[in-house]
Structures are given as structure tokens and as C-alpha cells.
Protein chains: 2
Amino acid sequence: MSDGDRLHAADSPVLRPPTIYDVARLAGVSHQTVSRLLKGDGGVKPANRERVLSAIEQLGYRPNLTARSLATRRSHRVAVLTQELGQVGPGKVVQGAAEEARLHGFVLDIITLDVGDRSNVEQGIRMVNQQDVAGILALASTDELRAAFDRADFRIPVLMGGEGDEAAGGPPLRVSTVAIPQLVDHLVTLGHRSIVHIAGPKKWVAARNRALAFESALARHGLELARTVHGDWSAASGHAAIASLPASMRFTAVCAANDQMALGAMLALQERGLAVPADVSVTGIDDIPEAAYLVPPLTTVRMNSEEQGHLAFRNLLAQINGDTPSPIMVEGRVIIRRSTAAA
Amino acid sequence: MSDGDRLHAADSPVLRPPTIYDVARLAGVSHQTVSRLLKGDGGVKPANRERVLSAIEQLGYRPNLTARSLATRRSHRVAVLTQELGQVGPGKVVQGAAEEARLHGFVLDIITLDVGDRSNVEQGIRMVNQQDVAGILALASTDELRAAFDRADFRIPVLMGGEGDEAAGGPPLRVSTVAIPQLVDHLVTLGHRSIVHIAGPKKWVAARNRALAFESALARHGLELARTVHGDWSAASGHAAIASLPASMRFTAVCAANDQMALGAMLALQERGLAVPADVSVTGIDDIPEAAYLVPPLTTVRMNSEEQGHLAFRNLLAQINGDTPSPIMVEGRVIIRRSTAAA
DNA sequence: CAACAAAACGTTACCGGTAACAAAAATGTA
DNA sequence: TACATTTTTGTTACCGGTAACGTTTTGTTG
């Protein structure tokens with residue numbers, strides 16, 4: 001009886017999702033015709049096209065991406081290696097990348113790793129290797145990770161950090177430094193000549209890029225940094241950085257490499273009896289959502305991290321598809337608030 | 001641009017990764033023996049075992065998880081639906097879940113969605129359906145999402161929000177409210193009787209749970225909230241919440257449902273000429289890393305969101321494996337800083 | 001030592017798609 | 001109308017694993 005099949009499918013205990021074969025049978029064509037239609041390259045007569053489409057509709061068919069990626073040996077998944085999702089910046093970058101990924105039918109596999117812990121990194125990389133992903137987005141762009149990648153010898157596209165090492169030639173994606181010259185101009189115009197920089201960890205590419213940008217921006221005014229202290233991106237380390245400065249040292253401005261460290265610095269300055277901005281101006285980078293509500297509200301650089309995530313993914317996708325990824329710049333904008341004033 | 005230091009696919013002669021067949025041939029056994037060994041259920045003689053293992057080693061064989069999951073119809077992937085990765089809390093939860101996932105050989109597919117936008121949610125759910133994941137972790141636990149899930153009728157385990165609706169019976173995972181009674185005790189001991197609550201959006205389960213916890217904690221002291229104002233988790237909304245209060249209103253403490261809103265509230269209070277904590281005490285929830293460095297440092301509840309992510313994943317994994325997931329509580333701890341003082 | 005059970009191993013089919021090629025149908029041209 | 005050409009469709013063989021079952025080897029027992 002002709003109902004046999006349908007009945008069987010309907011009350012089979014393990015109601016499996018329909019396949020192209022089911023669709024093909026219902027539409028009275030071969031499975032290949034269905035596959036062709038799905039690929040969209042044409043070559044299917046309108047009449048059959050209609051029947052297949054309606055069969056798909058009727059069965060609620062959805063392609064099984066696992067099978068597809070096994071057959072094509074291409075996956076629609078991208079691994080994201082990241083250190084600190086808890087941080088606002090990285091989190092937003094990932095979010096942007098995830099949105100862009102979804103737009104292109106990709107999924108992100110998040111793998112967090114402790115960039116300092118080598119065995120942890122190796123394990124993460126091994127996982128990536130197994131997962132057959134189409135590409136890798138490494139958002140925690142540190143020297144250790146880069147070294148681990150070199151050892152791993154991936155045969156798939158890798159985008160490091162969404163941020164290239166500016167000291168080592170042209171990066172595919174240049175971010176985080178674009179508005180620093182304007183920030184420095186702002187301070188110099190206010191009369192600041194003695195500026196302390198609280199940088200990120202030396203091993204982070206982004207930290208080096210930012211420090212470099214401050215130096216060269218000051219150089220254009222014939223100035224140089226009064227001092228550079230390294231933190232670890234945290235508010236605590238910003239606090240410690242200021243505390244580590246000799247009491248005798250004179251400076252009128254502190255530029256931190258991110259907002260968290262700026263925040264810690266502000267508290268340390270106040271504890272030292274220095275008012276912000278009356279005695280010392282303070283700036284951050286990132287414009288975290290809280291920056292406008294700090295005391296005082298923080299002058300900073302808005303980074304648009306989400307956009308960075310979008311661009312990073314697009315860039316990687318271009319590599320995956322064999323197109324030449326266009327070098328991209330993320331816009332940065334100086335946001336002047338009340339933490340900066342005349343020297 | 002120099003390709004020199006850029007990592008990318010080596011365009012070598014298609015050199016495909018080794019399969020179990022390659023391993024089997026090299027070891028002089030059938031592919032099934034290799035498969036059996038890999039599964040680890042025994043049934044392989046020591047001699048062959050050695051030969052296969054050494055072949056695996058020699059070829060650098062890694063199982064292709066795509067093929068495996070096609071054959072077994074089980075995947076080792078879990079979809080994570082989340083709203084705001086940029087936020088510290090959600091970011092940390094995801095990070096914790098990702099760590100736990102990796103521990104069990106799972107990978108997380110991150111899908112961010114705008115919980116308010118219905119079509120966006122539907123699209124996200126459709127993606128999940130295609131991706132054949134083993135389970136779903138929905139971290140943005142709102143009513144809309146819950147409704148969308150009900151419509152979607154998943155046939156795989158789903159863990160909503162890592163946080164159950166306490167108003168609607170026993171949740172599998174109870175978080176975020178555990179230390180609120182202690183927080184309220186702290187304030188009442190300081191002599192506060194008139195407390196304003198800045199809650200999260202009404203549609204968020206976590207927001208309701210927290211509001212409920214404040215109310216019942218106060219009730220135990222024979223008190224009730226002077227007023228509840230709803231924000232959207234952002235510092236800006238905390239600021240607006242205080243601004244919306246009539247100038248005539250008297251209160252001695254403000255409890256926000258997260259640290260960001262507490263921060264906004266503090267600034268708004270100061271703008272109103274009220275000193276924190278001299279005139280009004282302020283508390284948050286979450287203990288974001290910056291909380292200790294705000295002006296004044298914020299009294300809050302440390303949530304250990306990462307641990308929450310770990311637990312949520314474990315809970316989901318138990319469901320996937322058909323075990324009964326044990327109900328879990330995340331510890332919370334009141335962190336007393338300088339934003340609270342005697343009324 | 002024969003008879004039989006258990007363990008080890010191999011063969012074949014299948015998961016749900018795509019690729020490559022063969023076959024059939026439709027179209028154009030002499 | 002016949003033939004060459006193009007378009008559409010169908011067949012078969014994979015992708016790299018696992019499942020189910022069949023076969024051989026090994027071990028145990030009477």
C-alpha cells in the first residue's frame with residue numbers, strides 16, 4: 001500500500017528529520033535534483049522546481065550540515081580562540097564576529113584558553129585541529145599564541161587577533177591605534193608635556209601597537225613619554241602602576257591602554273591626593289559602557305569593538321574563499337569627557 | 001603587504017589528513033579494529049593494539065568528528081544562545097561553559113541574538129536546528145526566548161538561562177539570589193529602612209528573581225521596598241532610574257540588580273547633590289572587576305559567573321547523557337566596600 | 001582430542017549529503 | 001525529418017566514520 005512509507009515514517013519511534021531522499025521521493029524526482037536545486041546553480045525546470053520546493057516546505061526539510069560538510073570537506077565553522085570573554089572588549093569583538101558569521105551561514109566555535117599556560121594552549125589547538133573548522137580567529141593576540149600557531153602549522157586560514165603587529169610590517173587589520181594621535185593632540189593642546197603611559201602586557205600585540213602609537217604621536221610634537229608602566233589590562237594593575245611611580249615624580253597626564261586600567265589609575269591618583277582632572281588628566285581606550293558614568297567621566301577612545309569583530313570575520317572569510325582579504329581599518333573616535341583638563 | 005608572517009593554508013598537493021583506513025592499512029588490520037580501539041571498549045589483542053597505536057602515532061591520525069557525528073547521529077556540540085556577550089556577566093558565564101565544554105570534548109557554538117527582535121530569534125533557532133547540536137544553553141533567559149523555544153519544540157535538551165524562574169517552581173539551577181538576604185541584612189543592620197530597588201527588565205527571569213529576593217528578604221525584617229524602578233542592565237538606565245525619582249522622595253539606600261546600574265545610580269545621586277555613602281548607600285550585584293575601583297568602591301554581591309557557566313554546562317551534559325541533572329546552587333558572597341554606610 | 005563457547009577480527013551496509021559522469025529530453029539547425 | 005547540441009535528469013561512487021552481523025581464531029571443558 002502506498003501509505004506504507006509515510007505511515008512508517010510518521011510513527012517511527014525515532015522520528016528522524018527528513019532527508020533529500022524523502023524530499024525527492026515526495027516530489028517524484030531524484031535526490032540529485034533536490035541537491036542541485038538547493039545549491040541554486042539553476043539547471044532545474046520550473047515545473048520540477050516547484051514540486052521540489054513544495055515538498056521541502058511540506059516536509060519541513062532542513063539540510064544536514066554535518067553530512068554536507070563531510071561530503072564537501074568544507075565546514076561552515078570557524079574557531080575563535082580567545083582569552084578573556086569576561087572582558088568587555090573581547091566579548092564585544094566575539095559578538096560582532098558571531099553576528100557576521102551568522103550572516104554568512106557560519107557558526108563560531110568558542111575556545112577559551114589561558115594564553116599563559118602552554119599545555120592549555122596546546123590542548124586548545126589540538127581541539128581545533130579535530131574540529132575541522134574552515135578557519136581560525138585568534139582574538140588573544142600574544143606572542144605565545146603566535147608561537148604555538150607556528151608550531152601547529154595549520155593548513156587553514158588564520159587571522160591573528162584582528163590586529164596586526166605594526167612593528168612587523170603591514171597588518172591585514174589595523175585597529176586600536178587609529179585615534180591615538182588625536183587623543184595626544186587633545187592633551188598637548190591642553191598644555192600637557194609630561195605624560196605617563198600605562199601599557200598592556202608586553203606580549204600582547206595590541207599593547208605594543210598602542211604604546212607605539214602614543215610614542216610616535218608624541219614624537220610629532222617633539223615630545224616623548226615621561227614613563228611607560230606595564231599592566232595586565234585590569235583595573236587593579238592600573239592602580240598598581242600609579243602606586244609604583246616614585247612620589248617625587250611630576251607628570252600632568254596619564255594615558256592608559258584601556259579603560260579599566262585608567263579607572264584603577266584614577267583611584268590611585270586620588271589616594272595620592274591628586275585630583276582628576278585638576279592636578280592630573282587621565283585617558284583610557286575602548287569606551288566601555290561604564291566610562292561615561294565614572295567619577296569623573298572618562299575621556300577615552302571609542303573603539304567599536306563589535307565592528308572590529310565583523311571586519312575580522314569578513315577578512316577571514318575572504319581568506320577562506322580564496323579572495324584577497326582587503327586590509328581594513330576600524331574607526332576610532334576620541335570621546336572627550338571630564339577626566340581631562342588644562343595642565 | 002608581506003605574506004611572510006601571515007599564516008595561511010599551505011597550497012600543497014591536497015595532502016589529506018589520514019583516516020582510519022590509512023591507519024588500518026599501515027597496521028595491517030581492518031578499519032573496524034581501529035574503530036574499536038578508538039572507542040576503547042576493549043576486544044583488541046595487545047599485539048594489534050600496539051601496532052594500531054603506533055600507526056596512529058606515526059601518521060598523526062586524528063578522528064574526523066564530522067564523520068563520526070554523521071555516523072552516530074550524535075554531535076559533541078552545544079549551542080549557546082546569548083544576548084550580550086559584551087556584558088561582563090554573560091561573557092564570564094560563556095567562558096566558564098566553554099572551559100567545561102572543552103573538558104568533556106565538547107565545543108560551543110555561539111549564537112548571539114537580539115532577544116527583543118522576534119525574527120532575529122526565529123532565525124537563530126533555525127540555525128540551531130540545522131547545526132545538529134547535542135543541546136542548547138540559553139543564557140539570555142527572557143520570556144520572549146522562552147516562548148520562542150516553546151514554539152520551536154526542540155527534541156534536544158535545553159537549559160534555560162542557567163537560572164530557573166523562581167516564581168514558577170523549582171529551578172534546576174538557582175543563582176544570583178543566594179546572597180541577597182545577607183546584603184539586605186547588611187543594609188538593615190546599618191539602619192536603612194527606606195530602600196529603592198533598580199531592577200532589570202521585567203521580561204528577564206534573572207531580573208524577576210532578584211527583585212523577588214529583595215522583597216522577601218526585606219519582608220523578613222517587616223519591611224518592603226520603597227520603590228522599584230526598572231532599568232535595562234546598563235549604567236545609563238541606572239542613571240535614568242534615579243533621575244526619574246521625584247525630588248521630594250526620601251530614601252537612604254539604592255540596591256541595583258547589577259553593578260552597571262549601581263554605577264549609573266551613583267553618578268545620578270551625586271548630580272542630585274546626594275553623597276554616597278554619606279547620604280545614600282548604594283549596592284550592586286555581580287562584582288564586576290571594576291567594582292573595587294569605582295568612586296566610591298562598590299558594595300556588591302560576588303556572583304562567580306564563571307562557575308555558573310561550568311555548572312550550567314555540566315547540568316546540560318547530564319541531560320544529554322540521560323542522567324538526572326542534579327540541582328545546583330551557585331555561591332554568592334556579599335562584598336562590603338565603601339558605597340554603604342550607616343543611614 | 002573433539003566439541004563448543006568466547007573473543008578477536010573482518011565484511012558489508014549505512015549516516016545524508018555532493019561530485020562526476022551517463023542517460024534522457026529538449027532545443028536548434030541543416 | 002534527421003542530426004548535432006544543449007539542457008535537464010538520473011546513477012553511481014564517494015566523504016570518514018560506526019553498526020550489525022558473519023567469520024575466524026582462541027580458549028575451555030568433558
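Here the structure is a predicted model, which means the values were calculated and not measured. By convention in this document, chain letters (A, B, ...) are assigned in the order of the sequence lines, proteins followed by strands, and residues within each chain are numbered from 1.
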Charged N to carboxylate O under 4.0 angstrom, Arg146(A) versus Asp143(A)?
no

So [Y] and [X], do their side chains get closer than 4.5 Å, heavy atoms only?
{"X": "Ile136(A)", "Y": "Leu81(A)", "value": "yes"}
{"X": "Leu65(B)", "Y": "His76(B)", "value": "no"}
{"X": "Leu38(B)", "Y": "Arg36(B)", "value": "no"}
{"X": "Arg49(A)", "Y": "Leu37(A)", "value": "yes"}
{"X": "Arg68(B)", "Y": "Pro63(B)", "value": "yes"}
{"X": "Val158(B)", "Y": "Phe149(B)", "value": "yes"}

Bend across the helix from dC1(C)-dG30(D) to dA30(C)-dT1(D), to 10°, with axes taken over 5 pairs at each end?
40°

Criterion side-chain contact (heavy atoms from CB on, under 4.5 Å) against Val80(A), the qualifying member of Val94(A), Leu316(A), Val93(A)
Val94(A)

Starting at the 5' end of nucleotides 8-18 of chain C, put B wherever the base has a protein heavy atom under 4.0 Å, S where only the sugar-phosphate does, and a dash everywhere else.
SBBBB--BBBB

Arg49(A) atom CZ is separated from dT7(D) atom C1', nearest whole Å, by 16 Å

